[in-house]
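This structure is a prediction, so every number in the text was calculated from the model and none was measured.
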Amino acid sequence: MHTLRNHSRLAATVLMAFAGVSSASAATLSVGPGKTYAKPCAAIAVAKDGDVIEITGNTTYSGDACSISRNNLTIRGVNGRPKIDAAGKNAAEKGIWVVNGNNLTVENVEMYGAKVMDGNGAAFRLQGAGFTLRNSFIHDNENGILANANLNSDILIEYSEFGHNGHGDGQTHNLYIGHVKSLTFRYSYSHDANVGHNLKSRADTNMIAYNRFSSTPPGETGSTAYGQPSYEIDLPNAGTSYIIGNIIEQPALNQNPAMVAYGEEGATNAGSDLYVINNTFLNDFGDGTFLFVSGKVPTPAVIQNNIFAGIGTLSTQSSSVLKTNYRSVSPSFADRSKYDLHPTLSTLVIDAGSDPGTSAKGVSLAPVAQYKHVAAGEARPVSGKLDIGAYEAKDTAMSATWTTCANENGTCSFSGTREVRFGANGVYSSVVATGSTPCTLAAFGDPIKGVVKTCSYSSNTLAAPTATPAWILCTGESSTCTFSGTRQVRYGANGSFVTKTFTGAAPCTNAAFGDPAPGVPKYCSYASTTVTTVSTTSSAAADPGWTVCAGEGKVCSFSGTRQVRYGANGVYATKTATGSIACTNAVFGDPISNVVKSCSYKQ
């Protein structure tokens, strides 16, 4: 696959591209060791409208902060990427480069360290109209980009990475775009915002296409420090907005349980139409909301061809138009641990998408690209029917017939390894299982609330999974990790983990696992594959000295006065009772949420 840095067809599809206009007499000013200008701001100070400034790469320029007042300038790194380190300096108490001119284009730079007295310093403070940024890395500033309101301004950001920007106050972000005419944000990677949002935009029109929004799990090495973002995408004033072909991940540790917010402060922009098409959502939090659409938004959002992985409310807007989306607690991807999110196995995903058509303004909604890490893109190879999610499957087309095997709360049995779907009225989630699976909300999640569901198995027999399971981040310390079926769960950080087996949920605590990494914030991950047996160390029946006496909601009876414990998976609350005791949360409290518990008495 080729990258799409010069793909003209895609440029037209994603709405608009804005480029600076250079005059025929434009000069090229050279910056760097042995060049005419030692630092970028020296060249910026003498540049004329339309000039090009070339900055020698693989060189750090410290404390080089200034205002840019010329129009139609191009600033680009050459022979490597130059590093612009604020090093305690700023321009006009606003940031590193304060842009007052119009139609600035910046290419191939790294910028970091912007700090000012009011905590609102930006690598780029945009005060003019028109701005293009590409092939750049913006990190560890109080704001990555802070754009003033300007209804004459079109902003294009592509092939760029934003990481760990934010002062930590929740009011500063990786990108904060004010009320401008339009924002196009594509083929980019925005991650680990420091308490703020990975992308916030008040633009009248937003095209957000083929990007990755995520965070680095604590203890894992990334290009920046770990962050706890609030929203992955926040469009507080609505506006005509296209969210197409993105990977949007909610980390287990976050500042807000919603992933995408639309119109939260009121639908005050010119449009209120939202199109969420062919994205892959990954919710590692174990709860929350995929799409928060404010009740102040009058137009139903169009939500089509998306994968929603994990647990949470799909959309808060009851009038949302939902079409050919796929929900699963743990969908099958080629290799989720390495972010290879090409779908596999599922006939509910492969060739299952529907034509999204065009928007109310005639813009094509069909995805034509897919994100390629880091901060790049490639053509989406659609040769037949469209697949659901941000990627086309690498597998060949799949088709199947479905055989009903169980009603809700029953058991679906079959031969071999098959995909099993659970749901009703054309809305399903699915798992791959061998031999049988419980037809329950615990195993599948709830793809359609308030409706009695059934299970069916696919006519296709699949090879039993043999690959080493990936670890899926589910929650931070002192919370509950929730998943389907029986799985291994690991707890720890920085390469030091304790692993145990649980069913349905696990408390992510020292009490449940011990402390594998003292003094370090820890987190839990669960294995991407289920296990068929539970460790005997978590079974009351196999625990010497304890006799199982009742299931949850029943009465445990015995002779004399004894200790009685209540719980599951090695996590219990204990009381002393005489003769009998009710086996309920009301009596013992709830030692492990979302799991069926039992009582045992000490022999």
For [X], what residues pass the ring-ring contact (aromatic ring centres under 6.0 Å, His included) criterion, not counting sequence neighbours?
{"X": "Tyr262", "answer": "none"}
{"X": "Tyr176", "answer": "His173"}
{"X": "Tyr275", "answer": "Tyr242"}
{"X": "Phe422", "answer": "Phe444"}

Any non-hydrogen side-chain atom of [X] less than 4.5 Å from a side-chain atom of [Y]?
{"X": "Leu291", "Y": "Val276", "answer": "yes"}
{"X": "Cys455", "Y": "Arg421", "answer": "no"}
{"X": "Trp402", "Y": "Leu348", "answer": "yes"}
{"X": "Pro251", "Y": "Ser214", "answer": "no"}
{"X": "Pro367", "Y": "Gln370", "answer": "no"}
{"X": "Tyr326", "Y": "Asn305", "answer": "no"}
{"X": "Asn279", "Y": "Ile307", "answer": "no"}

Measuring from atom [atom1] of [X] to atom [atom2] of [Y], what distance do you get when rounded to the nearest 0.5 angstrom?
{"X": "Thr324", "Y": "Ile388", "atom1": "OG1", "atom2": "CD1", "value": "5.0 Å"}
{"X": "Ile155", "Y": "Ser182", "atom1": "CD1", "atom2": "OG", "value": "8.0 Å"}
{"X": "Glu158", "Y": "Leu156", "atom1": "CD", "atom2": "CG", "value": "4.5 Å"}
{"X": "Ile177", "Y": "Leu146", "atom1": "CD1", "atom2": "CG", "value": "8.0 Å"}

Legend entry - Separation of SG atoms, Cys481 and Cys508, below 2.5 Å: no

Are the side chain of [X] and the backbone of [Y] linked by a donor-acceptor contact shorter than 3.5 Å?
{"X": "Thr280", "Y": "Gly389", "value": "no"}
{"X": "Ser458", "Y": "Asn460", "value": "yes"}
{"X": "Thr313", "Y": "Thr316", "value": "no"}
{"X": "Asn246", "Y": "Ile248", "value": "no"}
{"X": "Asn143", "Y": "Ile145", "value": "no"}
{"X": "Asn278", "Y": "Asp387", "value": "yes"}
{"X": "Asn306", "Y": "Asn325", "value": "no"}
{"X": "Ser160", "Y": "Ser136", "value": "yes"}
{"X": "Asn206", "Y": "Ser241", "value": "no"}
{"X": "Gln488", "Y": "Tyr526", "value": "no"}

Inset, instruction - Evaluate the criterion side-chain hydrogen bond (donor to acceptor under 3.5 Å, both in side chains) for residue pair Gln250 and Asn283; output intermediate values, then yes/no. - result: CA-CA 5 Å; Gln250 168 84 303; Asn283 187 6; 4.8 Å; no

Could I get the full list of salt bridge (Lys or Arg N to Asp or Glu O under 4.0 Å) partners for [X], not counting sequence neighbours?
{"X": "Lys200", "answer": "none"}
{"X": "Asp515", "answer": "Lys522"}
{"X": "Glu392", "answer": "Arg380"}

Whether the [X] and [Y] side chains hold a donor-acceptor pair (N or O, under 3.5 Å, no angle test) is what I'd like checked.
{"X": "Thr440", "Y": "Asn409", "value": "no"}
{"X": "Asp192", "Y": "His164", "value": "no"}
{"X": "Glu419", "Y": "Ser346", "value": "yes"}
{"X": "Asn269", "Y": "Asn237", "value": "no"}
{"X": "His191", "Y": "Glu249", "value": "no"}
{"X": "Thr299", "Y": "Asp273", "value": "no"}
{"X": "Thr454", "Y": "Glu408", "value": "no"}

Legend entry - Charged tip of Arg212 within 45° of Tyr339 ring normal and under 6.0 Å: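 Because its charged atom sits under 6.0 Å from the ring centre and within 45° of the axis, Arg212 does stack over Tyr339.
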
Does [X] have any side chain to side chain contact (heavy atoms under 4.5 Å, CB included) partners at least two apart in sequence or in another chain, and if so, which?
{"X": "Thr358", "value": "none"}
{"X": "Pro257", "value": "Phe285"}
{"X": "Ile311", "value": "Val329, Thr482"}
{"X": "Ala334", "value": "Asp340, His342, Thr344"}

Inset, instruction - Carefully, step by step, assess Glu264 and Tyr231 under the rule side-chain hydrogen bond (donor to acceptor under 3.5 Å, both in side chains). - result: CA-CA 12 Å; Glu264 183 179 17; Tyr231 299 128; 2.9 Å; yes

Inset, instruction - Measure the acute angle between the ring planes of Phe308 and Phe281, then classify it against the limits of 30° and 60° as parallel, tilted or perpendicular. - result: parallel

Inset, instruction - Please state whether the rings of His373 and Tyr189 are parallel, tilted or perpendicular, taking 30° and 60° as the class boundaries. - result: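 Ring orientation, 0 to 90° scale: perpendicular.
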
Inset, instruction - Could you point out which residue of Tyr187, Phe185, Tyr391 forms a ring-ring contact (aromatic ring centres under 6.0 Å, His included) with Tyr210? - result: Tyr187

Inset, instruction - Report the residues that fulfil side-chain hydrogen bond (donor to acceptor under 3.5 Å, both in side chains) with Asn165, sequence neighbours left out, ordered by chain and then residue number. - result: Asn141, Asn174

Legend entry - Verdict with supporting geometry, Cys412 and Cys439, disulfide bond (SG atoms under 2.5 Å apart): CA-CA 6 Å; Cys412 173; Cys439 186; over 6 Å; no

